[in-house]
There are 2 protein chains.
Amino acid sequence: MSTAKDTAGEDMPWDEVTPEAARKLLVAAVEAFAEQGYHATTTRDIAGRAGMSPAALYIHYKTKEELLHRISRIGHEKALEVLSGAAGIEGTPSERLAEAVSSFVRWHAGRHNTARVVQYELDALSDEHRTEIVELRRRSDAVVREILREGVESGEFDVPDVPGTTLAVLSLCIDVARWFNTQGRRTPDEVGALYADLVLRMVTAQK
Amino acid sequence: MSTAKDTAGEDMPWDEVTPEAARKLLVAAVEAFAEQGYHATTTRDIAGRAGMSPAALYIHYKTKEELLHRISRIGHEKALEVLSGAAGIEGTPSERLAEAVSSFVRWHAGRHNTARVVQYELDALSDEHRTEIVELRRRSDAVVREILREGVESGEFDVPDVPGTTLAVLSLCIDVARWFNTQGRRTPDEVGALYADLVLRMVTAQK
């Protein structure tokens, strides 16, 4: 099922979620939350979309918040994995930053439904779960901040405000999930390449 | 009432909306939509927040969508006004771009609740209303695109992909509404200044 696409053309593996019924419910929840928002979605809606009964849903998830938390945690872990993997390639800070930005953009374009849910429904998480997710977000921040710091140290980059620039770089990538449209003119790869170029221009020291 | 603040510390004039009851309902709708999403909000919720009866709401707005449309149209018109005003100052393309970005960022930071509703609930508008709003968005795009084009022509800017860079610049400003927090470390002015600098770095021709 790892190449299955949902109606938005989004890659939808969620392979880590087992058994299959739990995975199907989670995919249905992502769709419903992305379409109508977390608060307007009932567990009955989610069960219905997955072709199951509400009772079958409760076997796997006690509450709607548990579904959101699961989606948010897996989504943030995947995004962090993509970012860390790209940042960890052999290369100069410029090469690593370009790879990190283009991969992170591709993820937000390719999985825009998941990314929207994960980004816009943070306030709906319980305090405990939100704290856990905020920690994952801090780690994504740290990946970008560290590349910027290394580039400044090596003289490749000129970045007067490293935390502010980190915020801007991540924000630029994340907002792709809002505007990206699979029917649009640009592919995820093209947006990734454009954004990597724009971000390098932001940080590269003038000769 | 033009200096009234809502609970998020956002400037909330909506002075153009009269009579006062219609304005109060609209302010209540922005709060409710920003908090729980459009689909989860009922007209009863909105009337309750404004201290009115559902019947009183129907005097001013026939449907919930009419409220969203009103918010979205005024919000987009204000954002376009801010952007056009800034872009229209006397100065070089660099000066005008810096002013446009910092003003647009300040608007999205200062009115983040309105901006979130306006940006994230586009799909909930009727086809006719969405078409009208898309046209306002095209005009915002055109303002930025025109400054970039002029800067390229004058040799100040080097922008290989003007439409793509326009998209990125506006996206960066808009996403401020998602992450901006009035309790955070940066003021709207500080974010505006940082972003104007980052955008100029993106587009300025290397000497």
Side-chain angles (χ1 to χ4, degrees), chain A residues 32-42 45 101 105 108 116 119-124 137 141 157-181 184-186 190-207, chain B residues 32-42 45 101 105 108 116 119-124 137 141 157-181 184-186 190-207:
Chain A
F33 294 160
E35 220 173 280
Q36 59 198 24
Y38 174 80
H39 294 289
T41 301
T42 63
D45 294 336
V101 167
V105 163
H108 281 85
R116 282 181 204 174
Q119 295 296 340
Y120 301 157
E121 302 288 7
L122 275 179
D123 287 347
R137 295 169 78 87
D141 269 38
F157 296 164
D158 167 35
V159 182
D161 178 349
V162 170
T165 306
T166 300
L167 176 67
V169 168
L170 288 169
S171 167
L172 194 61
C173 299
I174 287 169
D175 194 50
V176 170
R178 178 183 57 82
W179 63 259
F180 187 81
N181 179 339
R185 270 170 299 180
R186 294 167 195 270
E190 286 166 353
V191 182
L194 169 66
Y195 274 38
D197 176 58
L198 291 174
V199 167
L200 283 183
R201 286 163 170 256
M202 268 187 191
V203 301
T204 301
Q206 312 270 329
K207 297 282 152 47
Chain B
F33 295 159
E35 221 174 279
Q36 59 197 24
Y38 174 80
H39 293 289
T41 301
T42 62
D45 294 337
V101 167
V105 163
H108 281 86
R116 282 181 205 174
Q119 295 297 340
Y120 301 159
E121 303 288 9
L122 274 181
D123 287 346
R137 296 168 76 88
D141 269 38
F157 295 165
D158 166 35
V159 182
D161 179 350
V162 169
T165 306
T166 300
L167 177 66
V169 168
L170 288 168
S171 168
L172 193 62
C173 298
I174 288 169
D175 196 50
V176 169
R178 179 184 56 82
W179 63 258
F180 187 82
N181 180 339
R185 271 170 298 180
R186 294 166 196 272
E190 286 166 353
V191 182
L194 169 66
Y195 274 39
D197 176 58
L198 291 174
V199 167
L200 284 183
R201 286 164 170 254
M202 269 188 191
V203 302
T204 300
Q206 311 270 329
K207 296 284 148 48

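Small disclaimer: the values here were computed from a predicted structure and weren't measured. Reminder, nothing fancy here: chain letters follow the sequence lines and each chain counts from 1.
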Worksheet entry | Portion of A:L194 that has a non-hydrogen atom of chain B nearer than 4.5 angstrom | side chain
Worksheet, complete the sentence: Between A:R186 and B:L167 the two heavy atoms that sit nearest each other are NE-CD2, 4.4 Å
Worksheet item: Under a 4.5 Å heavy-atom cutoff, which of A:D158, A:T41, A:D123 has the most pairs with chain B?
Response: A:D158
Fill in: Top of B:E190, B:Q36, B:R185, B:R178 for chain A proximity - count of heavy-atom pairs under 4.5 angstrom
B:R178
Practice prompt. Answer with side chain, backbone, both or neither: which region of A:I174 has an atom nearer than 4.5 Å to a non-hydrogen atom of chain B?
Written response: side chain
Worksheet entry | Check against side chain to side chain contact (heavy atoms under 4.5 Å, CB included), B:V159 and A:R201 | CA-CA 11 Å; B:V159 182; A:R201 286 163 170 256; 5.6 Å; no
Practice prompt. Against chain A, label B:Y38 side chain, backbone, both or neither, depending on which of its atoms sit under 4.5 Å from a heavy atom there.
Written response: neither
Worksheet item: Quick one: CG on A:L200 to CE on B:M202, what's the gap to the nearest 0.5 Å?
Response: 11.0 Å
Worksheet item: Can you name the closest pair of heavy atoms from B:A168 and A:Y195 and give their distance?
Response: CA-OH, 3.5 Å
Worksheet item: Which residue out of B:L172, B:T165, B:V199 racks up the most heavy-atom pairs below 4.5 Å with chain A?
Response: B:L172
Fill in: Spacing of A:D197 atom CG and B:D161 atom CG [to the nearest 0.5 Å]
9.0 Å
